[in-house]
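Heads up, the thing below is written out as structure tokens.
Proteins come first, then strands; the chains are lettered A, B, ... in the order of their sequence lines, and each starts at number 1. Side chains included, hydrogens not; waters and symmetry mates left out as well; all remaining heavy atoms used. Just so we're clear, the structure is a prediction, and the values are computed from it rather than from any experiment.
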2 protein chains.
Amino acid sequence: MAMDRDQVLRDAAALLSRKSTATMDEVARAAGIGRATLHRHFAGRDALVRALEELGIRQFEAAFDNARLDEGTAVEALRRLVAESERDAQLLAFLVTENQLFEGDQINEGWARLDARVSALFRRGQAEGDIRIDLSPAWLTEALYGLIGTCAWAVMDGRVAAKDFQYMIIELLLGGARRSVEK
Amino acid sequence: MAMDRDQVLRDAAALLSRKSTATMDEVARAAGIGRATLHRHFAGRDALVRALEELGIRQFEAAFDNARLDEGTAVEALRRLVAESERDAQLLAFLVTENQLFEGDQINEGWARLDARVSALFRRGQAEGDIRIDLSPAWLTEALYGLIGTCAWAVMDGRVAAKDFQYMIIELLLGGARRSVEK
DNA sequence: CTCGGATGAGACAGGCGCGTCTCATTCGGG
DNA sequence: CCCGAATGAGACGCGCCTGTCTCATCCGAG
């Protein structure tokens, strides 16, 4: 069975996140299937993007659940969240940059729910005294998405080693680039 | 004179960074000019993207010059660089996500030169003892681009106040999200 | 082996955006 | 005021992509 729906979507995301104007034929080739088969499973380009959004939301809902955001400190939960996000980082990279989904209502609801969970996590960290209060939860949420996407690209381009994915993101996000003496 | 070449390009970047499949007509409308006029100045879509790349490289070369990257500490230079980058942040956001320019030879040379300058800045910071050595200059460079682009989007969406642009980026990049006692 | 479902390759028409053109209008300089 | 350059609007053909179809092939189940 050459047709693994989720894997096709992942391949599509990997390609589209780099070349958003890619042809349906290019997407099919990238996924290792024929264009006809691609059309059999996704009615059209819109349906494909919708499926990508749906998969992305579903995967990250699951990632959030696996990360057990409510357990331990917010900082610990954040580390688990980044670890859980690695698998679908390319998908996130595509979705973050594909902000033309401002028409979808159902989709935005899903993103709003995810944003709320991340935002709440940062807010909890601020309440616990571990996260700076001069950086808004909304910005930290966006920055987390951005860093994950950026690192996914950097890994794809070979500028960052795949094994360093989690470390580079979490260390930069939490600790920053400046060297401090006590760390 | 309704035709300000650089302003048209900036408007195009602002639109295309959000909707990369936007029509030439949409780009023209976004820039407040007619489609015919857009075609008079940029032979086609490819030429438009090329012009965007060229403008981006030119502007950031200038931004780097204005930031005087060699003066003072690397950290100080970095603050100036972020400040100088604010004006063309949307342009950078577009160019960073538009990685389909892997064919261009001249363009890549320009980016390589910019990358080298930023990378060298971080390396200098590491040598001075102010920047962590466990985060590679290549990653810090990518992260800087990513954060600038992410913040530009967040400002466009109203999730971050425009006046906080520099602060949010530089504080997160340098200090990180974790609250530390001595800062 | 036989059969049915799934796939790949290719053909086909239709649509949409692209690139070019024309023409009327506007704007600014002389 | 006059003139020429620049612009906006629209028309037009073209090319590429899309979406659908057909048909041959493959593969697994029975």
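- Residues B:E26 and B:K19 are paired through a salt bridge, judged by an N-O separation under 4.0 Å between the basic side chain and the carboxylate.
- Ionic pairing of B:R50 and B:D46 is not present here: no N-O contact between side-chain nitrogen and carboxylate oxygen is shorter than 4.0 angstrom.
- When the C1' atom of D:dT7 is taken as reference, atom CZ of B:R29 falls 13 Å away, rounded to whole Å.
- Put simply, CG on B:D4 is 11 Å from P on D:dT7, counting in whole angstrom units.
- Using a 4.0 Å cut-off between charged nitrogen and carboxylate oxygen, A:E54 and A:R58 count as a salt-bridge pair.
- The pair B:R113-B:E109 counts as a salt bridge, with a side-chain nitrogen and a carboxylate oxygen less than 4.0 angstrom apart.
- Taking side-chain N and O atoms only, A:H41 has a distance below 4.0 Å to OP1 or OP2 of C:dT7.
- Across the protein-nucleic acid pair, A:I33 atom CD1 and D:dT25 atom C1' stand 17 Å apart, rounded to whole Å.
- For the pair B:L38 CG and D:dG10 C1', the computed distance is 16 Å after rounding to whole Å.
- Ion pair B:R124/B:D130 not flagged as a salt bridge, since none of the NZ, NE, NH1 or NH2 atoms sits closer than 4.0 Å to an Asp/Glu carboxylate oxygen.
- Ion pairing between a basic and an acidic side chain is recognised when a charged N comes within 4.0 Å of a carboxylate O; B:R18 and B:D157 show such pairing.
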Practice item. For nucleotides 16-21 of chain D, just jot down a letter per nucleotide in 5' to 3' order: B, S or -, based on protein non-hydrogen atoms under 4.0 Å. Key: -SBBB-
